[in-house]
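Structure, as structure tokens:
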Amino acid sequence: MNYEKIFFLLFISCFFISCSSDDSNSGITKQNLLGKWEIIGGTVNGNSFEFYEHDCNDRKDFQEFFDNGSLTFNRYDYSCNLVEVEPSLWELQGNQLTISNTNFDPSIYEYIYIVEKLTTTELILKQTIQTSEGTYVYRTTFSKYN
């Protein structure tokens, strides 16, 4: 085998290896996160919790991510009136999502999530919390809300 064939085979191998790299996080972008998301269910330490029940049948509670880094949690009552809009802030760095209220009141909260999946229709967030009773791993699934 001559050197030209070896070089060509190495070049082709590198090309295929680079094209087949794991792009599972390629959908985790600010642009894909923007919009309204409703919670549909999840797990705590691997055990499913009940699907989220919305008080209003016609309108669903949702959280909305805005391009300027703000976020609102929106809740409807049994009469389908919007009764709560809680403002927050969000920041996405890689697959780490930080949601905080520190600009509004630093004593309220700051939560860090790992974005495990983000598509145009589905969002899965993982949060690990250490307490005196043990470690809790929450996975929450959201669906894009139109």
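Computed from a predicted structure; not experimentally measured.
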Assigning hydrophobic clusters by single linkage (Ile, Leu, Val, Met, Phe, Trp, Tyr; side-chain heavy-atom cutoff under 4.5 Å), is [X] placed with [Y]?
X    : Y    : result
F62  : Y111 : no
Y145 : I40  : no
I124 : V44  : no
V137 : I114 : no
L123 : F66  : no

Roughly how far, to the nearest 0.5 Å, is the [atom2] atom of [Y] from the [atom1] atom of [X]?
X    : Y    : atom1 : atom2 : answer
E116 : L97  : CD    : CG    : 12.5 Å
Y113 : Q127 : OH    : CD    : 4.5 Å
Y136 : N45  : OH    : CG    : 7.5 Å
E38  : T141 : CD    : OG1   : 11.5 Å
Y76  : D61  : OH    : CG    : 8.5 Å
T29  : L34  : OG1   : CG    : 8.0 Å

Next on the checklist: Going by side chain to side chain contact (heavy atoms under 4.5 Å, CB included), name the residues that satisfy it together with T98, two or more places apart in sequence or in a different chain.
Outcome noted: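 Q96, E110, I112.
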Item to check | Pairing residues for Q93 by the side chain to side chain contact (heavy atoms under 4.5 Å, CB included) criterion, not counting sequence neighbours | outcome: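 Side chain to side chain contact (heavy atoms under 4.5 Å, CB included) list for Q93, sorted by chain: E91.
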Next on the checklist: Within the structure provided, determine whether D55 and R75 are in side-chain contact (heavy-atom separation under 4.5 Å).
Outcome noted: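 D55 vs R75: side chains touch.
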Next on the checklist: I'd like to check Y138 versus T43 (side-chain heavy atoms, cut-off strictly below 4.5 Å). Are they in contact?
Outcome noted: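 Side-chain contact under 4.5 Å: no.
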Could you tell me whether a side-chain N or O of [X] sits under 3.5 Å from a main-chain N or O of [Y], the two making a donor and an acceptor?
X    : Y    : answer
N32  : G27  : yes
S79  : N81  : no
R59  : C80  : yes
K126 : V115 : no
T72  : N74  : no

Any idea which heavy atoms bring [X] and [Y] closest together, and the distance?
X   : Y   : answer
K36 : E64 : CE-OE1, 3.5 Å
I99 : S88 : CG2-CB, 4.2 Å
N95 : L92 : C-CD1, 4.5 Å
P87 : V85 : CD-O, 3.4 Å
D77 : C56 : O-CB, 3.4 Å

Checklist entry - Going by an N to O cut-off under 4.0 Å, is there a salt bridge joining E122 and K117? => result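 Yes.
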Item to check | Within the 6.0 Å centroid threshold, strictly below: F65 and W90 | outcome: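 When the ring centroids of F65 and W90 are compared, they turn out to be within the sub-6.0 Å range.
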Item to check | Flag for T135-Q130: side-chain donor and acceptor within less than 3.5 Å | outcome: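 There is such a pair between these side chains.
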Checklist entry - Given the rule in the side-chain contact (heavy atoms from CB on, under 4.5 Å) test, do T119 and K144 qualify, once you have shown the distances and angles that lead to the verdict? => result CA-CA 9 Å; T119 68; K144 194 72 166 215; over 6 Å; no
Checklist entry - In this structure, are over 12 heavy atoms from other groups packed under 6.0 Å from K60 atom NZ? => result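 12 or below, so no.
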